[in-house]
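Working notes, structure below.
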Amino acid sequence: FLFRFAMPDRIINIDTVQTRERTMKLGLTWNDKDENIRSGFVVYSSCYPEDKNHNYVRVLDMDGNQVHQWDMGDKMPGLWSYMPEPQCVSRYVKPGQKGLLLAITKIPSDSVKKQQFVAWNADRGGLMELIDFDGNVIWSYSDEHQNHDARLTKEGNLIYIASEVLDNEKIAKKVVKIAAKHRGFSQTPRNPKVYSDVVKVVDPVSSEVLYEWHASEHLDPNIDMINYNDTFDEWNHGNTVFPLYEDPNNRNKLTDILISFRQNSMIGKINIATGMFQRLITSPFISQQHDSTSLDESNTNRILVFNNRYCPNDYAPSPFSRVIEYDLTRCAPCIYLPEVTGPKVAWEYQDGTLDLYSGYIGGAQRLPGYTLEEHGVHYTLITEGMKGRMFIVKTTIGTSDGEKVFENKVVWEFMNPEIAPGQRVEDLVLGRTSVFRSRYVLPDLFSAEQLERMSSCRNSMFRSRM
């Protein structure tokens, strides 16, 4: 059915067991056995493996069983890996071949030149590989400057973020000077190097670079300032690239790229044809955000984002995280700074001050198949990254005090039970059980034979350690 009334402005959480009580356990901690999502799987990997000789990308069923894994051996994680849609890999595999993984791992540190910014080792990857269900490598592509994110487009090309030294010394000094002034420093710190971001589109087989976009050529140090609590050695710190297909005559052609810059608390859009950059969501509506995606790949009217709020720049009283769906076609005041207007919150999920909080990493995915407008329900997979917590929120519309409200309910929750060893904080800065991002996938990403093998290979050791 279709709703004939305006969507609510109020949002409440219902029927929840205390989040803190659940999240003190590991493995599967909550399962409503919701029939709408029962058939799917969650794909994820740990930021820091428990065994340095085995970096696993895991597939969980909705009962918390591990039903498949890719063992990347001693290749250390490059933050995340994911299963692309069949169209994105069709040029590389036989017709009907399924169960593919785009794996991102770190090039060994002794094979690359160390980059001189604080987050380099935690965020870098460099080796991007397409891998079949049984772990066979179909192709490999490497760029030692790659970090955070990489995706395959519908045309099968590889899009990713890389870092580069800001060679323009005048701009580099200006970036640091403005950031220092913004936080009240009387003197400008001496930074040997400032790094900026490059977005690349490449053919991973021929290694041809099809497109490059340099952030330093399009951003303005006066507008795109480094957050007041972030380091001076990175101007942008891009953490998400999301392909867009806005040409109505060719929905397979990459036209734009949605990108998230953490250091600037800004989400923007790059036009491939012109290189023009458009700021879409900025501070104070987001703070150190991650995993910005458009709910419709043909436009940017609705954007879903994990708003980390490591040190909130909206002057809220405490640093809690929020998952927000913004409606960019409508305008509204910022909740804590009502004199500032920006995109309207169409939906959100938040919990207690520390019950949903991840300062550095995190993710959000709207599950396919259900919308409030058509089905009266939608589902959102949230990755509370630093805790290694993955949970699904069911949203419906109800009433409270005679008023229509969004009702959010946690219907599935899993705490990563893989605990990394180590003593140095700097080696585990994201957290011992941290997960950068996870994704819910439908069974049609696997073949019938693969699903049968997965059904017979359930590993309950990952189900719970309560």
Side-chain angles (χ1 to χ4, degrees), residues 1 3 8 10-44 58-68 304 306 321-323 325 347-352 355-358 362-385 387-400 404-417 433 435 437-445 451 454-455 458-466:
F1 62 91
F3 287 106
R10 281 187 58 210
I11 300 168
I12 61 173
N13 296 345
I14 62 169
D15 296 339
T16 56
V17 176
Q18 287 295 321
T19 302
R20 187 70 54 85
E21 178 184 337
R22 291 199 316 266
T23 56
M24 294 299 288
K25 304 169 186 175
L26 296 175
L28 185 72
T29 60
W30 194 254
N31 186 7
D32 270 8
K33 299 185 182 294
D34 190 301
E35 288 301 320
N36 291 337
I37 61 172
R38 285 283 293 162
S39 63
F41 304 92
V42 171
V43 181
Y44 84 98
R58 306 180 188 274
V59 182
L60 304 175
D61 67 13
M62 289 294 100
D63 288 322
N65 298 304
Q66 179 178 299
V67 294
H68 184 64
L304 185 69
F306 189 99
S321 297
R322 302 166 69 196
V323 176
E325 176 190 336
W347 172 87
E348 72 171 306
Y349 181 84
Q350 67 180 65
D351 207 333
D355 291 331
L356 176 63
Y357 179 66
S358 181
Q365 175 200 10
R366 182 61 47 77
L367 273 55
Y370 296 92
T371 67
L372 283 167
E373 292 80 2
E374 294 183 22
H375 309 96
V377 62
H378 72 217
Y379 298 86
T380 309
L381 171 64
I382 298 173
T383 308
E384 189 179 0
K387 292 179 187 172
R389 178 189 178 209
M390 295 157 277
F391 62 104
I392 295 175
V393 174
K394 177 181 181 180
T395 302
T396 54
I397 292 181
T399 58
S400 176
K404 287 187 171 65
V405 295
F406 285 120
E407 294 182 337
N408 289 331
K409 180 182 180 184
V410 174
V411 294
W412 184 87
E413 182 182 67
F414 187 88
M415 299 293 296
N416 180 22
T433 60
V435 175
R437 191 183 290 166
S438 63
R439 283 295 184 262
Y440 176 93
V441 300
L442 294 170
D444 59 11
L445 285 192
L451 289 170
M454 291 160 66
S455 178
R458 290 192 174 98
N459 186 345
S460 61
M461 68 170 284
F462 255 59
R463 186 171 181 178
S464 178
R465 291 187 189 175
M466 289 192 259

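Just so it is clear, the model here is predicted, and its values are computed rather than measured.
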*Tell me, please, which residues at least two apart from Lys394 pass side chain to side chain contact (heavy atoms under 4.5 Å, CB included).*
Asp34, Val377, Tyr379, Thr396, Val411
*Any idea which heavy atoms bring Leu372 and Thr395 closest together, and the distance?*
CD2-O, 3.5 Å
*asked:* Taking the ring centre of each residue, are Phe391 and Tyr349 less than 6.0 Å apart?
replied: yes
*asked:* Using the rule given for side chain to side chain contact (heavy atoms under 4.5 Å, CB included), can you reason through Arg437 versus Met390, listing the C-alpha separation, both sets of side-chain angles and the distance that settles it, and then say yes or no?
replied: CA-CA 9 Å; Arg437 191 183 290 166; Met390 295 157 277; over 6 Å; no
*Name all residues meeting the salt bridge (Lys or Arg N to Asp or Glu O under 4.0 Å) criterion together with Asp444; count only those two or more places apart in sequence or in a different chain, and write none if there are none.*
none
_Heavy-atom pair of closest approach, residues Lys387 and Met415_ = O-CE, 3.7 Å
*List for me each residue that meets salt bridge (Lys or Arg N to Asp or Glu O under 4.0 Å) alongside Glu407, sequence neighbours excluded, and say none if there are none.*
none
*Ser400: partners by side chain to side chain contact (heavy atoms under 4.5 Å, CB included), with sequence neighbours left out*: Arg10, Ile12, Val405
*Applying side chain to side chain donor-acceptor pair (under 3.5 Å), name anything that partners Gln365, two or more places apart in sequence or on another chain.*
none
_Suppose we screen for side chain to side chain donor-acceptor pair (under 3.5 Å). Which residues come up paired with Asn31, at least two apart in sequence or across chains?_
Asp63
*Would a 4.5 Å heavy-atom cut-off, applied to side chains only, mark Arg22 and Val410 as touching?*
yes
*Tell me, please, which residues at least two apart from Ser438 pass side chain to side chain donor-acceptor pair (under 3.5 Å).*
Thr383
*Interatomic spacing from CG in Asn416 to CG in Leu60 - rounded to 0.5 Å*: 9.0 Å
_Charged N-O contact under 4.0 Å between Asp61 and Arg38_ = no
*asked:* Run Trp412 and Val42 through side chain to side chain contact (heavy atoms under 4.5 Å, CB included) and show every step you take.
replied: CA-CA 11 Å; Trp412 184 87; Val42 171; 3.9 Å; yes
*Excluding sequence neighbours, so at least two apart, what forms ring-ring contact (aromatic ring centres under 6.0 Å, His included) with His378?*
Trp347
*asked:* Less than 4.5 Å apart, side chain to side chain, heavy atoms only: is that true for Glu348 and Asn408?
replied: no
*Is a side-chain donor-acceptor pair under 3.5 Å present for Glu384 with Ser358?*
no
*Determine the minimum heavy-atom distance between Leu367 and Leu381, stating which atoms define it.*
CD1-N, 3.4 Å
*Are Ile392 and Tyr440 side-chain neighbours, meaning at least one heavy-atom pair lies under 4.5 Å?*
yes
*Who are the side chain to side chain donor-acceptor pair (under 3.5 Å) partners of Thr433, not counting sequence neighbours?*
none
*Indicate yes or no: at least one non-hydrogen side-chain atom of Phe41 is less than 4.5 angstrom from one of Val67.*
yes
*Can you name the closest pair of heavy atoms from Pro443 and Ser39 and give their distance?*
CG-O, 3.1 Å
*Can you name the nearest heavy-atom pair linking Gly363 to Phe306, along with the distance?*
O-CD1, 3.5 Å
*What heavy-atom pair brings Pro417 and Tyr44 nearest, and what distance separates the two atoms?*
CD-OH, 4.0 Å
*List the steps and the verdict of side chain to side chain contact (heavy atoms under 4.5 Å, CB included) for Lys409 and Asp32.*
CA-CA 10 Å; Lys409 180 182 180 184; Asp32 270 8; 3.1 Å; yes
*Going from CZ on Phe406 to CD1 on Ile397, what distance comes out if it is rounded to the nearest 0.5 angstrom?*
5.0 Å
